[in-house]
There are 2 protein chains.
Amino acid sequence: MARATKFVYSFGKGKAEGRGDQKVLLGGKGAGLAEMTNIGLPVPGGFTITTEACEAYYRQNKKWPAGLEGQVREAIRKLERTCRKKLGDPKNPLLISVRSGAAMSMPGMMETILNLGMNDESVEGLARVSGNRRFALDAYRRFIMMYGATARGVPREQFDHEFDHLKNHFTRPRIGKPDGQKVLDTEVNEEELFRLITTFKELYQRHTGESFPQHPFDQLVGSINAVFNSWMADKAVTYRRVEKITGLNGTAVNVQQMVFGNMGDDSGTGVCFTRDPSTGENIYYGDLLINAQGEDVVAGVRTPIKLGELHHLMPDAYAQLEAVRIMLELHYKEMQDLEFTIEQGRLYMLQCRTGKRSPRAAFAIAVDQASKPLANRTEINRLVKKRFLPRKYAKEASKPVITRDEAILRLKGVDIERLFYPVIDPAFPRAELNQRKIANGINAVPGAACGQVYFSAERAEDAAARGERVILVRKETSPEDVGGMAVAKGILTATGGKTSHAAVVARGWGKCCIVGCEVLDINYEHRYLRVGERYVNEGHFLTLDGTDGEVFVGEVPLVQPEMPEEYKVFMSWCDDRRRLKVRTNADTPADARKAVEMGAEGIGLCRTEHMFFETEQRRLAMQEMIVADNVEARKRALDKLLPFQREDFVGIFEAMNGKPVTIRLIDPPLHEFLPRTTEDMERLCQYAGVSMDHVRHRSEQLHEANPMLGHRGCRLCVTYPEILDMQVRAIIEAAVQCQRQGVKVQPEIMIPLTIDPKELRLLTERTRQVADQILQDAGERLAYMVGTMIETPRAALLGDQIAGVAEFFSFGTNDLTQTTMALSRDDAGRFLPEYVDQSKSAVFAADPFQSLDTAGVGMLIDWAIQRGREARKVLKVGICGEHGGDPASVEFCHTVGMDYVSCSPYRVPIARLAAAKAAINDTPAKPTRKASRSKSKKKAPAKKGKKSARKRK
Amino acid sequence: MARATKFVYSFGKGKAEGRGDQKVLLGGKGAGLAEMTNIGLPVPGGFTITTEACEAYYRQNKKWPAGLEGQVREAIRKLERTCRKKLGDPKNPLLISVRSGAAMSMPGMMETILNLGMNDESVEGLARVSGNRRFALDAYRRFIMMYGATARGVPREQFDHEFDHLKNHFTRPRIGKPDGQKVLDTEVNEEELFRLITTFKELYQRHTGESFPQHPFDQLVGSINAVFNSWMADKAVTYRRVEKITGLNGTAVNVQQMVFGNMGDDSGTGVCFTRDPSTGENIYYGDLLINAQGEDVVAGVRTPIKLGELHHLMPDAYAQLEAVRIMLELHYKEMQDLEFTIEQGRLYMLQCRTGKRSPRAAFAIAVDQASKPLANRTEINRLVKKRFLPRKYAKEASKPVITRDEAILRLKGVDIERLFYPVIDPAFPRAELNQRKIANGINAVPGAACGQVYFSAERAEDAAARGERVILVRKETSPEDVGGMAVAKGILTATGGKTSHAAVVARGWGKCCIVGCEVLDINYEHRYLRVGERYVNEGHFLTLDGTDGEVFVGEVPLVQPEMPEEYKVFMSWCDDRRRLKVRTNADTPADARKAVEMGAEGIGLCRTEHMFFETEQRRLAMQEMIVADNVEARKRALDKLLPFQREDFVGIFEAMNGKPVTIRLIDPPLHEFLPRTTEDMERLCQYAGVSMDHVRHRSEQLHEANPMLGHRGCRLCVTYPEILDMQVRAIIEAAVQCQRQGVKVQPEIMIPLTIDPKELRLLTERTRQVADQILQDAGERLAYMVGTMIETPRAALLGDQIAGVAEFFSFGTNDLTQTTMALSRDDAGRFLPEYVDQSKSAVFAADPFQSLDTAGVGMLIDWAIQRGREARKVLKVGICGEHGGDPASVEFCHTVGMDYVSCSPYRVPIARLAAAKAAINDTPAKPTRKASRSKSKKKAPAKKGKKSARKRK
């Protein structure tokens with residue numbers, strides 16, 4: 001097998017053996033070089049040794065696999081022919097670089113060796129050809145150091161030490177400075193460099209017991225091995241472990257002709273973007289240094305010039321760059337970030353990749369690319385005339401680069417998220433930030449927040465009332481904390497996952513939230529938190545970065561991102577394209593209004609129980625109802641709750657003004673509502689006129705081993721139908737009141753946790769009886785619906801029978817996931833992480849509470865919808881779990897034919913985008929005049945997201 | 001509609017309009033009378049008014065529906081023609097009885113009126129015809145009283161008072177007694193009776209304002225209405241509510257010619273069984289009273305004679321009865337309990353029904369009926385000759401009455417249960433028992449137990465060691481109580497349902513257990529239990545009846561049922577017939593041996609975790625493992641556990657000697673094993689050398705919101721693979737050890753709570769690695785299997801993928817039910833009762849934790865098996881949940897094609913029977929020569945159990 005394997009892929013002179021999509025085989029860099037070469041960009045020639053070669057090297061105990069040496073020699077010969085230079089040639093030597101390049105970027109982890117091919121003879125050849133002996137000697141010095149350190153393990157500090165010694169030993173006269181000033185790198189002269197080379201070679205020999213290799217192929221073999229070995233270096237292994245990079249077999253090795261930007265004032269090196277990465281504006285944007293090498297740019301010693309100035313200094317080089325820009329955007333259809341070198345007036349492309357951009361730029365670029373041509377005709381014609389731009393690109397360059405569909409497919413939920421949430425001021429020094437960082441938690445809700453810490457909801461509310469910015473810190477939150485959570489700028493908890501109470505509630509508000517921050521030792525009694533030796537007392541400042549889940553002590557400045565004009569345009573495109581409706585989960589009029597603003601087309605889940613916590617009065621009435629020990633007492637307490645609930649529903653109906661509102665009847669187990677502290681219990685005793693013993697007894701009675709599977713959901717209404725009566729009354733009376741005031745109302749009453757059609761029929765009939773009686777008494781007509789949540793496997797399995805009763809299904813995928821997988825989301829934090837990562841060996845690719853488990857839970861959903869629609873053709877179907885705001889899950893919802901998804905207000909735009917993408921992926925793009933480009937067009941979306949790629953298969 | 005409805009069904013002279021299967025329409029009694037008439041038995045003529053008439057009566061506000069009166073008049077005329085007597089005839093009056101009869105028996109709840117047709121004239125006619133004026137007067141007196149009280153609400157006590165007055169007022173001379181003795185009922189003479197009639201009529205008039213109706217049809221209308229009205233009488237309504245009888249529309253009314261057993265020494269009345277109900281012996285068994293009416297038999301005043309004596313007194317009547325016996329058993333194919341009256345030498349059958357019998361008789365009868373002829377030829381010929389037995393019965397009477405299949409279909413699980421468990425001595429007076437009864441709980445495990453109460457497992461163990469019989473009483477039990485449970489005669493808990501810890505463990509041992517006895521107020525501190533005002537201190541006696549869930553104070557004598565010879569025969573028939581194998585759930589060698597004795601063919605579930613509680617040493621090592629905070633410490637603790645586990649497995653393998661043993665790896669969450677009391681925690685600290693803080697912290701860390709869905713099952717082995725290593729090592733080393741000693745071993749290692757094929761593959765591979773290494777090192781070969789429990793919906797849904805990894809499936813239907821229905825079995829006790837009853841409106845017909853929810857959970861099981869076998873043809877499939885011992889669930893397991901069921905040892909015979917029934921129901925009976933009787937043959941099993949009836953549809 002070994003003999004037949006192709007390990008080496010050459011590129012150069014407009015032709016490459018590899019392709020851009022061979023990242024796994026050629027690594028990211030190698031694939032990019034091949035791609036750029038194939039497009040026709042001026043890339044220095046060279047070749048890539050495959051990751052398979054690296055794998056084989058390790059399989060054979062660090063021996064090259066058979067065939068590799070021959071292929072490398074052949075590739076070198078080919079390169080020499082192309083460049084018309086030879087490695088080690090004393091007259092005109094070819095110099096090459098050897099760089100690592102894995103399939104995934106591992107910045108700073110892997111090795112690079114430059115200037116390979118230098119030896120005692122070729123250094124003089126380079127001196128002659130470049131006309132710059134100092135340059136040649138410096139290149140040789142650098143090579144010895146890099147090779148020695150990288151390939152043979154000579155300690156880099158020792159080279160540095162020798163160089164420093166030289167610089168400290170000698171002095172130079174300098175204008176305006178006294179003598180004795182240390183010598184700068186650039187001031188070291190040829191003679192000194194020559195001596196330094198001798199010293200470096202001695203150092204090398206001392207350490208390795210061998211003289212420095214003069215034969216270029218020996219140097220190459222050593223360098224390639226150095227790159228192979230760097231793959232398994234401790235730091236690289238650690239990096240991959242930390243970053244959870246798995247499934248890669250090794251690194252590729254890129255061997256490439258060296259080009260030099262430091263060969264005089266007709267040379268230079270630069271980095272640029274094909275557009276302005278902060279505004280997205282369609283202008284060429286970047287910096288370059290004249291007569292400098294890449295390292296100098298990075299070092300930041302000299303001040304670069306703006307790219308535009310190049311136009312005046314080297315008009316042809318600039319024109320070449322402009323042509324490159326057009327070719328790149330036409331090819332990649334994305335703003336590119338590119339590195340280039342100009343060697344004696346000639347442009348070489350070293351690297352290009354899709355560029356990072358600001359949140360607003362992401363929208364600006366997508367909309368601009370999809371609606372305006374890339375360049376104007378005059379400019380195109382000029383570049384074509386100069387032969388920098390091949391004619392075949394001319395026509396396309398004067399049209400929009402991408403379609404609207406492609407624009408939609410490109411942007412992601414996180415791009416939208418970034419528009420809405422404040423972030424830590426990027427100008428704030430990262431080093432200081434790192435010093436302030438005390439903990440990492442689970443990034444439950446993105447955005448940053450800063451404020452004074454409070455450890456109880458009450459004190460948080462007091463502080464907020466005093467005008468303080470507040471961060472609420474709790475071990476975990478419960479419905480009783482909602483008041484404090486509402487006033488907080490950010491929420492931090494020590495336990496819980498992304499679907500814990502804190503996370504779910506905060507997400508509904510779009511409020512920065514970090515959960516499961518397990519290192520926090522929170523002391524409620526003495527009101528401090530501790531991480532190791534660092535203490536934060538109540539009232540002190542904390543800053544949270546909810547996007548990354550980081551916690552910082554003290555105040556860190558935040559900035560609010562700007563909202564670009566293009567956002568609205570872009571979202572309207574999404575709305576035109578999608579089939580799925582997008583609703584919101586909202587429990588209050590304020591939430592409802594916010595959601596409508598975010599584009600919600602209805603409420604998919606209005607939880608009625610949060611309302612009971614809003615004021616003490618409501619809470620007490622609710623608690624009185626729970627501790628009541630007979631129907632009459634319960635009804636009396638419910639009568640107190642009725643006006644509150646009715647009022648809430650009126651507010652919500654008004655906010656939604658005619659849009660459908662799905663209201664779920666009471667769901668949580670009653671013990672969740674009971675007071676916990678002795679103080680609160682006493683208050684309840686006084687309020688309800690019952691004894692402390694009675695309250696305690698009732699609490700004990702209600703305790704459950706597994707509340708998730710306990711007396712909750714519609715089971716409560718089976719046991720206490722009077723609760724249903726009150727809630728239905730509140731809904732229908734509110735609807736009647738609104739209707740009379742001219743507000744349109746579409747209530748959809750939803751019965752939770754159904755497990756059986758008979759159970760559902762019982763409650764549906766009672767609901768209709770109560771509702772119809774009110775309507776009859778009021779003399780009003782109202783088109784309300786009664787449906788159910790599908791959140792147990794049994795309800796899904798009996799979908800046909802359930803649909804015989806229910807007018808709509810709303811999949812409660814949180815609980816459906818819990819039950820289908822026997823996985824408590826409150827407890828899964830302890831072991832689920834061991835199940836979830838991106839690797840092939842992981843059990844799950846994503847947390848099933850964040851992204852729907854389409855294989856298992858999805859099968860139930862699909863089944864229930866199909867069977868349900870068989871039984872009831874017009875069955876309305878939606879989803880109201882946390883998954884309704886997860887893009888991959890939204891796509892699934894589209895695929896199985898749901899009517900809508902519902903998510904928290906701040907995720908509504910994300911769901912709108914995801915729904916549009918789903919519709920696009922579902923409808924193959926119409927054939928257009930651009931059919932010739934269809935191949936690359938298809939590739940683009942496939943690259944953007946795994947999901948859509950999978951879809952196409 | 002009304003005019004066309006047939007409300008009245010006549011019967012008499014060998015022909016009936018109704019049929020035996022029309023119970024719903026004609027009530028149980030009416031259908032029985034029709035059936036007996038049709039068979040050709042001598043039944044007094046009459047007619048039945050349907051339950052529909054009663055329903056219509058109520059629908060029309062207590063008015064007779066149109067057509068009813070005409071039909072009743074017509075039926076009376078028909079009856080008069082048949083009897084050649086007329087209602088109210090002064091010469092030869094027809095007397096009739098009017099009796100209620102609903103579709104379900106409601107003993108004592110409904111009304112009866114006898115002797116209807118008596119009036120001032122007909123009484124003399126009856127006197128003449130019967131030649132007994134006192135008899136006639138007494139009959140009239142009784143009728144006035146019954147009619148007055150029942151139809152018109154005259155207080156019965158007032159009639160009694162008048163009669164008592166008469167008896168107290170007059171005296172009779174009596175031999176050997178002084179004068180002034182009170183008069184007995186039977187001593188009241190004609191004149192006194194005549195005066196009493198006048199008094200009764202006056203009483204009637206005083207109360208009703210009307211004179212006593214003399215016209216028989218008026219009497220009849222009043223009596224029919226009285227029966228109709230009794231249907232909605234308070235006591236009847238209450239009875240139906242308490243007994244959960246729903247879905248009935250009303251009572252039928254049976255009007256029938258009176259026959260009199262008190263018309264002289266050629267008359268009599270009796271009750272008998274077609275076999276001996278206590279031994280099952282094929283002999284005629286019963287009592288009769290000469291010259292007496294039914295009431296007299298019930299009153300028990302006079303001593304009856306044995307049925308056999310009738311042979312001498314009235315040979316013909318006896319011969320008729322013998323013929324009846326043969327006809328009844330041939331017809332009903334079951335031992336019958338029958339009531340008859342002989343009126344002046346002529347036999348009349350009043351009622352027959354399938355008779356109650358002792359546990360051993362049930363087996364004896366079934367085996368006898370299926371293997372021996374009903375009667376010998378000589379006797380048959382004699383009866384045929386006398387024309388008492390129609391010739392058509394002669395041939396069949398000399399062959400076995402039923403087939404073996406019919407015998408199998410007839411007996412139920414409870415019949416087997418009754419053979420094994422001690423019961424309260426039936427001779428113990430029920431009245432005293434009632435006085436001693438203090439509570440009713442859930443009958444978790446049948447049988448009775450008596451002993452001294454202890455409220456802690458430790459003290460129970462101590463007491464048992466002193467030789468006391470012990471009843472362990474706990475609020476609830478946990479694995480730590482297992483020692484105390486093991487030594488107890490019976491277990492009583494205040495909370496929990498039939499699948500609570502106490503119930504499951506006790507069932508495994510066949511030990512009397514009552515759970516969920518919520519009225520118990522148990523005080524651990526002061527060691528007493530209280531029910532209302534009754535206290536039982538520790539050390540005092542309690543008696544439990546686990547069959548009915550009743551708790552009695554004090555010592556009540558128990559008896560152990562006898563095991564009939566026929567049991568073995570019967571079970572061997574079952575084993576011949578069934579396809580399903582029956583295994584057992586057993587965790588110890590003792591359980592395993594018991595189960596083999598009960599017929600188990602392997603172990604379907606060996607839980608490894610109970611072993612950890614057996615001794616303190618084991619418990620401490622386990623706890624040390626749990627509190628360990630690194631792999632090494634954990635491994636050290638596991639090393640201590642290894643020899644214990646290995647030893648257990650050796651014992652189990654030896655007990656099963658070659659039968660397959662399925663061993664489940666650790667399943668419960670670790671916190672279940674942790675010490676709870678401070679004392680136990682301290683012991684652990686000392687043992688493991690850790691601090692109290694550490695133990696507390698670890699306990700807190702392990703706490704879970706929903707342990708059922710938490711860190712348990714195979715998730716433990718994903719997190720702590722060293723536990724799996726230890727357990728697999730113990731299993732395989734034990735197997736090797738046994739094999740070397742010549743004991744055959746078939747271990748099946750089972751991975752619990754799988755949710756994904758990748759997860760399962762991970763653990764299966766690790767299992768095989770550990771096992772194969774041990775085998776290789778030992779140089780042994782062993783055919784072991786690795787499979788999984790299917791107990792989450794996701795595992796069932798992905799059955800094909802899971803079967804790609806697992807060699808066998810074992811359905812853990814307890815957890816599968818919990819997750820599919822989102823129903824915690826520990827918490828469901830609070831609301832599930834509202835979901836479960838036999839009525840049509842109930843959500844569930846049976847508790848889904850007792851009888852498998854075939855609609856929902858069953859759908860998943862069926863799906864998983866089908867998909868699993870598609871992926872792996874030879875997939876072995878079984879069930880190991882509590883349902884494996886439930887007959888209806890076993891039938892389901894057969895239907896979906898499982899290979900075996902597994903249940904607790906004491907339920908093994910029940911499962912064997914159920915499996916045989918399932919096989920029979922699955923295979924239509926082969927056509928035999930008896931094809932002409934196939935109709936009734938098919939009806940018999942269908943009547944016995946709903947299940948099989950459903951099956952046939």
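Naming: A, B, ... by sequence-line order, numbering from 1 per chain.
- For B:Met708, the side-chain contact (heavy atoms from CB on, under 4.5 Å) test picks out A:Asn706, A:Leu709, B:Arg712, B:Asp815, B:Gln818, B:Thr819, with sequence neighbours left out.
- The shortest distance between side-chain heavy atoms of B:Thr817 and B:His883 falls below 4.5 Å.
- Annotation: maximal heavy-atom pairing with chain A below 4.5 Å, among B:Glu759, B:Gln801, B:His703, occurs at B:Glu759.
- Side-chain contact check for A:His711 and A:Thr719: at least one donor-acceptor pair (N or O, by modelled atom type) lies under 3.5 Å.
- Within the 4.5 angstrom heavy-atom criterion, atoms from both the backbone and the side chain of B:Ala705 approach chain A.
- Between chain A and the options B:Leu716, B:Leu702, B:Leu860, heavy-atom pairs under 4.5 Å are most frequent for B:Leu860.
- With a 4.5 angstrom heavy-atom cutoff, A:Gln701 touches chain B only via backbone atoms.
- Interface remark: A:Ala855 contributes backbone and side-chain atoms alike to the contact with chain B (heavy atom separation under 4.5 Å).
- Interface check for chain B: of the options A:Gly856, A:Ser824, A:Pro707, the most heavy-atom pairs under 4.5 Å are formed by A:Ser824.
- Heavy atoms closer than 4.5 Å to chain A are found in both the backbone and the side chain of B:Met821.
- In terms of heavy-atom pairs under 4.5 angstrom with chain B, the leader among A:Glu704, A:Arg761, A:Arg715 is A:Arg715.
- Chosen from A:Thr792, A:Leu753, A:Val857, A:Asp853, the residue pairing most often with chain B at heavy-atom distances under 4.5 Å is A:Asp853.
- The choice from B:Thr495, B:Leu762, B:Asp756 that makes the most heavy-atom pairs within less than 4.5 Å of chain A is B:Asp756.
- In this structure, A:Pro668 and A:Phe673 have side chains that are in contact, with non-hydrogen atoms separated by less than 4.5 Å.
- For the pair A:Thr788/A:Phe809, a side-chain contact is recorded, criterion being any heavy-atom separation below 4.5 Å from C-beta on.
- For A:Arg768, the salt bridge (Lys or Arg N to Asp or Glu O under 4.0 Å) test picks out A:Glu807, with sequence neighbours left out.
- Looking at A:Met859 and B:Leu798, their side chains come closer than 4.5 Å, going by heavy atoms from C-beta outward.
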